[in-house]
K.L.:
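Before I ask anything, let me first share the structure, which is written out below as structure tokens.
Because the structure is a prediction, the values reported are computed rather than measured.
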Amino acid sequence: MASSGLSRILLVLPRFFPLTTLNHLLKNVHFPSSSSQEEIYINEEGEAPGQYDLTNWVMFPDQKDRLLNVIKVGSFSTLTPNQLIVTDSAILWHPHFTEIPISVCSDSCIPGYRKVSREVEFSCCYDCVPCAEGHISNTTDMETCIQCPEDQWPNDKRTICIQKITEFLSYEDPLGQSLAAVSVLSSLTVILVFLIFLKYHKTPVVKANNQTLSYSLLLSLTLSFLCCFLFIGRPQKVTCLLRQVTFGINFTVSVSCVLAKTVTVVIAFNATKPGSKIKKWVGTRVSLCLVLLCSLLQVGICLVWLISSPPFPDYDTHTYTGKMILQCNEGSVSAFYTVIGYIGFLSGLSFIVAFLVRKLPASFNEAQLITFSMLVFCSVWVSFIPAYLSTKGKYMVAVEIFAILASSAGLLGCIFIPKCYIILFRPEQNTRRGLTGKRLQ
């Protein structure tokens, strides 16, 4: 080989010279090769340019002389582009080798892994590390992994991208079925109460404190229970537009009716005082105007919301691994909380007024029922906000549906169920004397 002379020098020089002197001497090495008269030297980068033979040393141990044959099987040149040339057919393997030995320092990286170079070793040595979450490698020895699209996720081996599971509160989900069943039963209960009030519409309990407001409140409660179906099922453009608006307007009508009932109690009590100037306000006109005014303000808020930044179906691909949430993007979070805040303002106002007049004479004792109903209503929605913000996906929708059902049931149970109890089971109290002589029980 061309490097045989250089190899002898490298073996002998360290015995006589220190390393610093040796490095200086090697830079000045120039001599011809004994076989090809090719000049051997070391360049500034510490390399020895030239042509090198690749030899196959073959020993035959079974023979007496143990002959060693040196067979040239290729060459390596630093001066030509094709540096390494190997003649596979010239290589003579040991009989025990059934296949070509592996001569690399690292195994190939299978699909699902990528190559990472080892900084402290040769550049041809590397480690195989798994692809990061959301990435795949589909061929051997990939240096970089491929990122999956937003709607796809790697399989377990991270070799292919598969479609993510789409999650929403559906009717096939036990949670969705339970909430839908409660919504139906609650709305049927409201209808039953409405039928009872229609049948006994001439009795004092039904007539007390504005019969028209009672019917309006029952109608809005029915719609509030039924609007839960807009929240269940695959979100569509129409349902996303209607769900929060329908909920906000229905609840505003319900709370406005409760507020009007409370104001009616105040007006009716003060109108009985001698010389009172508010007798002209007694009747259904003031209460209905109050309900209409409060409701129109909420309708205006919802219209501004729908025009400026309407809700729309949207995918959340980042919250859960391997799953994307199909949900309604509210468009404007501030508009959503404005709707909720307006309902909270009306309910708080109703609670304060009802609490202040809770000790009126027995004939106006509905204020006590309203006080308790609004306490339940406000408690539900105060608890709703942190629960809503701390959940994601279908559970966020379920929290809002539960708040709608619980608060509506609170209004129904606290205001109307005691009256139905008197109508059906205590008819002796359903008289003018019974109402003026004792409180509802």
K.L.:
Answer whether the closest heavy-atom distance between the side chains of Cys109 and Tyr126 falls below 4.5 Å.
P.N.:
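In short, these two side chains touch, coming nearer than 4.5 Å.
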
K.L.:
Between Thr371 and Phe351, is any pair of side-chain heavy atoms under 4.5 Å apart?
P.N.:
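In contact.
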
K.L.:
Does the side chain of Val129 reach to within under 4.5 Å of the side chain of Arg114, using non-hydrogen atoms?
P.N.:
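SC-SC contact between Val129 and Arg114 confirmed.
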
K.L.:
About how many Å separate CZ of Phe76 and CG of Asp53, when rounded to the nearest 0.5 Å?
P.N.:
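Between atom CG of Asp53 and atom CZ of Phe76 there are 12.5 Å.
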
K.L.:
Test of understanding: with side-chain hydrogen bond (donor to acceptor under 3.5 Å, both in side chains), list the residues that count as partners of Lys115, not counting sequence neighbours.
P.N.:
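Expected list: none.
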
K.L.:
Can you see which heavy atom on Asn155 is nearest to which on Thr159, and at what distance?
P.N.:
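The pair with the smallest heavy-atom distance is OD1-N, 2.9 Å.
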
K.L.:
Enter the distance from Gln152:CD to Gln147:CD here, rounded to the nearest 0.5 Å.
P.N.:
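Between Gln152 CD and Gln147 CD, I get 11.5 Å after rounding to 0.5 Å.
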
K.L.:
Evaluate side chain to side chain contact (heavy atoms under 4.5 Å, CB included) for Gln163 paired with Met324, printing each intermediate quantity in order.
P.N.:
CA-CA 10 Å; Gln163 192 70 29; Met324 57 182 180; 3.8 Å; yes

K.L.:
Looking at Ile165, I want to see if its CD1 is surrounded by more than 12 non-hydrogen atoms of other residues, nucleotides or ligands under 6.0 Å.
P.N.:
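Result for CD1/Ile165: open.
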
K.L.:
So, does Ser178 use its side chain to make a donor-acceptor pair with the main chain of Pro174 at under 3.5 Å?
P.N.:
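Side chain of Ser178 to backbone of Pro174, a donor-acceptor pair under 3.5 Å: yes, one is there.
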
K.L.:
Out of curiosity, Ile232 CD1 to Arg243 CZ, how far, rounded to the nearest 0.5 Å?
P.N.:
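One gets 9.5 Å once the value is rounded to the nearest 0.5 Å.
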
K.L.:
Sequence neighbours excluded, which residues qualify as side-chain hydrogen bond (donor to acceptor under 3.5 Å, both in side chains) partners of Thr319?
P.N.:
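Counting only residues at least two positions away or on another chain, Thr319 forms a side-chain hydrogen bond (donor to acceptor under 3.5 Å, both in side chains) with Asp316.
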
K.L.:
What pairs meet the disulfide (SG to SG under 2.5 Å) rule with one or both residues in residues 228-263, with sequence neighbours excluded?
P.N.:
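For residues 228-263: Cys240-Cys328.
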
K.L.:
Can you tell me if Lys164 uses its side chain to pair, donor with acceptor, with the backbone of Thr317 under 3.5 Å?
P.N.:
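Yes, Lys164 side chain to Thr317 backbone: donor-acceptor pair under 3.5 Å.
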
K.L.:
Ser183 side chain to Phe225 main-chain N or O, any donor-acceptor pair under 3.5 Å?
P.N.:
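Such a contact is found between Ser183 side chain and Phe225 backbone.
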
K.L.:
Indicate yes or no: at least one non-hydrogen side-chain atom of Met142 is less than 4.5 angstrom from one of Pro111.
P.N.:
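They are not in contact (no side-chain heavy atoms under 4.5 Å apart), so the answer is no.
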
K.L.:
Take Val397 and Gln327 through the test side chain to side chain contact (heavy atoms under 4.5 Å, CB included) and record every step on the way to the result.
P.N.:
CA-CA 9 Å; Val397 180; Gln327 60 186 5; 5.8 Å; no

K.L.:
What pairs with Tyr215 under ring-ring contact (aromatic ring centres under 6.0 Å, His included), at least two apart in sequence or on another chain?
P.N.:
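If we apply the ring-ring contact (aromatic ring centres under 6.0 Å, His included) test to Tyr215, skipping adjacent residues, the hits are Phe194.
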
K.L.:
Below 3.5 Å, can you tabulate the donor-acceptor pairs from side chains in residues 401-411 to any protein atom, sequence neighbours excluded?
P.N.:
unit_1	atom_1	unit_2	atom_2	d
Ser407	OG	Trp381	NE1	3.1
Ser407	OG	Ala403	O	2.7
Ser407	OG	Ile404	O	3.3
Ser408	OG	Ile404	O	2.8

K.L.:
Tell me whether Phe384 at atom CZ has more than 12 heavy atoms from other residues, nucleotides or ligands lying less than 6.0 Å away.
P.N.:
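Result for CZ/Phe384: enclosed.
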
K.L.:
Going by atom types alone, do Thr87 and Ser89 pair a side-chain donor with an acceptor below 3.5 Å?
P.N.:
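No.
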
K.L.:
Does the side chain of Gln244 come within less than 4.5 Å of Val339's, by heavy atoms?
P.N.:
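Heavy-atom side-chain distance check fails, nothing below 4.5 Å.
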
K.L.:
Applying salt bridge (charged side-chain N to carboxylate O under 4.0 Å, His left out), name anything that partners Lys392, two or more places apart in sequence or on another chain.
P.N.:
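Testing Lys392 for salt bridge (charged side-chain N to carboxylate O under 4.0 Å, His left out), a comparison that skips the adjacent residues, returns none.
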
K.L.:
For Pro311 versus Leu241, what's the shortest heavy-atom pair and its separation?
P.N.:
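Here Pro311 and Leu241 meet closest at O-CD2, 3.6 Å.
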
K.L.:
With sequence neighbours excluded, give me every ring-ring contact (aromatic ring centres under 6.0 Å, His included) pair touching residues 152-192.
P.N.:
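Passing the test, one end in residues 152-192: no pairs.
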
K.L.:
Taking the side chain as C-beta and beyond, is there a heavy-atom pair between Cys227 and Leu223 under 4.5 Å?
P.N.:
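They are not in side-chain contact.
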
K.L.:
State, to 0.1 Å, how close Lys237 and Pro313 come at their nearest heavy-atom pair, and which atoms those are.
P.N.:
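Where Lys237 meets Pro313 most closely, the heavy atoms are N-CG, 3.6 Å.
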
K.L.:
Partners of Cys378 by disulfide bond (SG atoms under 2.5 Å apart), sequence neighbours excluded?
P.N.:
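Not a single residue meets the disulfide bond (SG atoms under 2.5 Å apart) criterion with Cys378.
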
K.L.:
Give the table of side-chain donor-acceptor pairs shorter than 3.5 Å for residues 246-255, with sequence neighbours excluded, one pair per line with atom names and distance.
P.N.:
unit_1	atom_1	unit_2	atom_2	d
Thr246	OG1	Leu242	O	2.6
Asn250	ND2	Thr246	O	3.2
Thr252	OG1	Gly248	O	2.6
Thr252	OG1	Gln298	NE2	2.8
Ser254	OG	Ser220	OG	2.8
Ser254	OG	Asn250	O	3.0

K.L.:
Distance alone, cut at 3.5 Å: any donor-acceptor contact between the side chains of Lys394 and Ser170?
P.N.:
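Result is no, nothing qualifies.
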
K.L.:
Should the heavy atoms of other residues, nucleotides or ligands under 6.0 Å from CG of Asn138 be counted, would the total exceed 12?
P.N.:
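It does: Asn138 CG has more than 12 such atoms within range.
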
K.L.:
Show every ring-ring contact (aromatic ring centres under 6.0 Å, His included) that has at least one partner inside residues 317-349, sequence neighbours left out.
P.N.:
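The answer is Phe336-Tyr388.
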
K.L.:
Looking at Thr222, Leu217, Leu195, which hits side chain to side chain contact (heavy atoms under 4.5 Å, CB included) with Val190?
P.N.:
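That would be Thr222; it is the only one of Thr222, Leu217, Leu195 passing the side chain to side chain contact (heavy atoms under 4.5 Å, CB included) with Val190.
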
K.L.:
Decide yes or no for Leu218 and Leu412: does some side-chain heavy atom of the first lie under 4.5 Å from some side-chain heavy atom of the second?
P.N.:
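Yes; the side chains approach each other to less than 4.5 Å.
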
K.L.:
Could you grab the distance from atom CE of Met374 to atom OG of Ser350, nearest 0.5 Å is fine?
P.N.:
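Answer rounded to 0.5 Å: 4.5 Å.
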
K.L.:
Please find the pair of heavy atoms, one from Ile85 and one from Leu54, that lie closest to each other, and give the distance.
P.N.:
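So the minimum-distance heavy-atom pair works out to O-CD1, 4.0 Å.
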
K.L.:
Mind running side chain to side chain contact (heavy atoms under 4.5 Å, CB included) on Ser216 and Val291 for me, showing each step along the way?
P.N.:
CA-CA 10 Å; Ser216 300; Val291 173; over 6 Å; no

K.L.:
Flag yes if more than 12 heavy atoms outside Gln177 fall under 6.0 Å of its CD atom; otherwise flag no.
P.N.:
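Atom CD in Gln177 is crowded, with more than 12 foreign heavy atoms closer than 6.0 Å.
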
K.L.:
Quick one: pull up OG1 in Thr239 and CZ in Phe231 and give me the separation to the nearest 0.5 Å.
P.N.:
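Rounded to the nearest 0.5 Å, the OG1-CZ separation comes out at 10.0 Å.
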
K.L.:
Strictly by side chain to side chain donor-acceptor pair (under 3.5 Å), give each pair with a member in residues 127-136 just once, sequence neighbours left out.
P.N.:
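Pairs touching residues 127-136 that pass the test: Arg118-Asp127.
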
K.L.:
Measure across Pro130 and Arg158 and return the closest heavy-atom pair with its distance rounded to 0.1 Å.
P.N.:
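Smallest heavy-atom distance, with atoms named: CB-NH1, 4.4 Å.
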
K.L.:
Minimum heavy-atom separation for Ser287 to Leu213, with atom names?
P.N.:
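Closest pair (atom of Ser287, atom of Leu213, distance): CB-CD1, 3.5 Å.
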
K.L.:
Side-chain contact, heavy-atom cut-off 4.5 Å: Phe355 with Leu375?
P.N.:
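Counting from C-beta outward, Phe355 and Leu375 never come under 4.5 Å.
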
K.L.:
Of all residues at least two apart in sequence or in a different chain, which pass the ring-ring contact (aromatic ring centres under 6.0 Å, His included) check with Phe416?
P.N.:
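Phe416: ring-ring contact (aromatic ring centres under 6.0 Å, His included) contacts with Phe197.
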
K.L.:
Once rounded to the nearest 0.5 Å, what's the spacing between atom CD1 of Ile422 and atom CD of Glu428?
P.N.:
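Separation between the atoms: 9.0 Å.
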
